[in-house]
Amino acid sequence: MADSFLDLGEPPQPPRAEAYRVLARKYRPSNFNELIGQDAMVQTLANAIRRGRLAHAFLLTGVRGVGKTSTARLIAKALNCIGPDGTGGPTIDPCGVCEPCRAIAEGRHIDVIEMDAASHTGVDDVREIIDASRYAAVSARYKIYIIDEVHMLSKNAFNALLKTLEEPPAHVKFLFATTEVNKVPVTVLSRCQRFDLRRIPAEKLAAHFAEVCRLEAVEAEAEALALIARAAEGSARDGLSILDQAIAHAGLEGGGVRADMVREMLGLSDRGATRDLFALVLAGDGPGALAALRRQYDLGVDPLAVLRACLETVHAATLAKVGAAPDAAQPAEERAQLEQWAQGLSFAALHRLWQLLLRGHEEVARAALPIEAAEMALLRVIHAASLPDPADLARQLAGGASAAPAAAPVAPAPAAAPAPTARNALPESFAEVLTLLDAGNRLRLAGTLRVAARVVSYAPGRIVLSSASPLPADLPRELAEALKAITGTAWQVDTADAPGAPTPQEAAAAAQAAELDWVKQQPVVKAALAAFPAAEVIGWEIGQRSVP
């Protein structure tokens, strides 16, 4: 009876689910055609392979995620590929089907050795490489050593490697990858052929992500992919990791990868909300700007991200003012708004906005109370908008306003900004001439005049400058031509051997010094300075005007 027993074995098992591979690994380039954004390097390698001018050591450097290690593996494939029929030689287009290509792609080729220098930093690890390099490759054309993060090697390890690196055996190639090339000794750099892998442009990343979404059968909005590409900062791996996360997030909500979902996931400031906030700042609406900032903060947006978005807006408006080509990823309404701001703001105002927001960004980055620091930064930007231009301050001085602070019993009110000069109307003062040059985008000329020009006499259409102050020889001619081009009227600009008035810069400094003296004489300030002898007045606010 026992002999008739049949052993049917174990019951059938359900098939094992294949382990999920993240997009950054799944879509790693398998040939040079799939390596995006590095065309110059690929062309150089192709020419070197075709002409048989192969270096014995390559150094690949660049920011994270641009393809350094992937490129090293592709070079190993290119040098060891034998073609589908087994008779091929080194090629920039490895076949991917021969045994060396498949073994290198799977990380199992005996003659292609990868080492992580972050965990093998010592001289003993390098000695193993040196000893093994003496022996010929087992099955490949070249024995290749790929050392990732090579800058992590110790000084002794680098020194031990130098001689072999300079004169390696003919069958050995070294491929180094690093994100911090400045930490690699010059003695090593001089023995390698260096390739600097560039950050991948955002538009190329967005196109790559769109293709990945197509292959993954995932719907994604173009704006969402553009946001991911910007957040990746030129790194394909970072971008694919963010896209992986966005796809997983979309799987719960449905509807594909949407721009609003990506913004929420990354904590990015909404571009429309940023434009609204920026418009409130320019309008001087303090309560409205603070409310708009708080709305974004309540939605989970980092205050630092809000200020960074405002900086990007100022930069974009400045580029629009100089006539740079618009970003193709910008929506039409954003482009129209930037054009409007570019027309309404002078270069001086844009530069001041940039400096104030940049200062605020730095303060928020290190602040213990980020949202409060962001609010104070925006209020400073709003109130600084009412500060007079140095030219206007010089005009006030010329009109006798310099004595006001010393005699004023109360805080002096800010002077109203002069009405803009019509194109064909001649300015009534030299200060208005400088304002006219600023508006006409003659910033370099206006800057030189502010620093060096001492006016002997002025009348509309005729300026006499002091020759006692060193001036560029062609400045009178250049000034006359600029004013004629702006006003449509011929100007006469001469020099005279006379001392002339203080330069506009000196006049502005004198006005600020006088105002500082007046501030120090105020009872509260005077008492504070007496109580704290080491204290200094580094800024003050008079009415709606603040001085940093």
Side-chain angles (χ1 to χ4, degrees), residues 345-349 351-352 385-408 412-472 474-515 518 542-545 547:
L345 295 170
S346 67
F347 280 106
H351 293 322
R352 182 158 59 182
S386 62
L387 283 174
D389 186 87
D392 300 334
L393 196 57
R395 183 184 59 77
Q396 291 177 246
L397 289 174
S402 59
T421 306
R423 180 172 179 79
N424 293 319
L426 300 185
E428 296 295 328
S429 67
F430 188 68
E432 291 185 11
V433 167
L434 297 178
T435 303
L436 197 63
L437 292 172
D438 285 336
N441 200 21
R442 306 299 178 97
L443 302 181
R444 181 190 60 79
L445 178 58
T448 302
L449 292 171
R450 285 191 172 95
V451 172
R454 299 180 184 276
V455 179
V456 176
S457 65
Y458 176 84
R462 187 172 188 277
I463 303 174
V464 179
L465 301 175
S466 172
S467 60
S469 177
L471 293 172
D474 60 344
L475 186 138
R477 175 188 58 78
E478 183 181 359
L479 178 56
E481 292 177 353
L483 290 175
K484 181 179 179 180
I486 294 174
T487 64
T489 303
W491 282 69
Q492 182 179 352
V493 181
D494 299 317
T495 59
D497 187 12
T503 67
Q505 186 181 66
E506 291 171 344
Q512 185 165 331
E515 189 171 281
W518 178 85
I542 301 176
Q544 295 296 317
R545 183 166 58 87
V547 180

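FYI, side chains are in, hydrogens and waters are out, and symmetry mates aren't considered; it's all heavy atoms of this structure.
Side-chain atoms of Ser466 come within 3.5 Å of backbone N or O of Ala498 as a donor-acceptor pair.
Within a 6.0 Å radius of CG in Asp497, no more than 12 heavy atoms belonging to other residues, nucleotides or ligands are found.
Looking at Val455 and Leu465, their side chains come closer than 4.5 Å, going by heavy atoms from C-beta outward. A heavy-atom distance below 4.5 Å is not found between the side chains of Asp438 and Ser346. Within the 4.5 Å cutoff, no side-chain heavy atoms of Leu426 are placed close to those of Glu432. The side-chain heavy atoms of Leu479 and Trp491, taken from C-beta on, include no pair separated by under 4.5 Å. A heavy-atom distance below 4.5 Å is not found between the side chains of Leu475 and Thr495. With a 4.5 Å cut-off on side-chain heavy atoms, Glu506 and Arg454 count as touching.
The two residues Ala507 and Pro502 come nearest to each other via the heavy atoms N-CB, 4.5 Å. The two residues Pro504 and Ala453 come nearest to each other via the heavy atoms CD-O, 3.4 Å.
Atoms CG and CG, on Leu434 and Leu443 in that order, are 11.5 Å from each other to the nearest 0.5 Å. A distance of 12.5 Å separates CZ of Phe347 from CZ of Arg442, quoted to the nearest 0.5 Å. Separating the CZ atom in Arg462 from the CD atom in Gln492 is a distance of 4.5 Å, to the nearest 0.5 Å. Here the CG atom belonging to Leu483 is positioned 5.5 Å from the CG atom belonging to Leu437, to the nearest 0.5 angstrom. Here CG of Leu449 is found 9.5 Å from CZ of Arg444. Values are rounded to the nearest 0.5 Å.
No option in Ile463, Val464, Val493, Asp494 other than Val493 meets the side-chain contact (heavy atoms from CB on, under 4.5 Å) test with Pro476.
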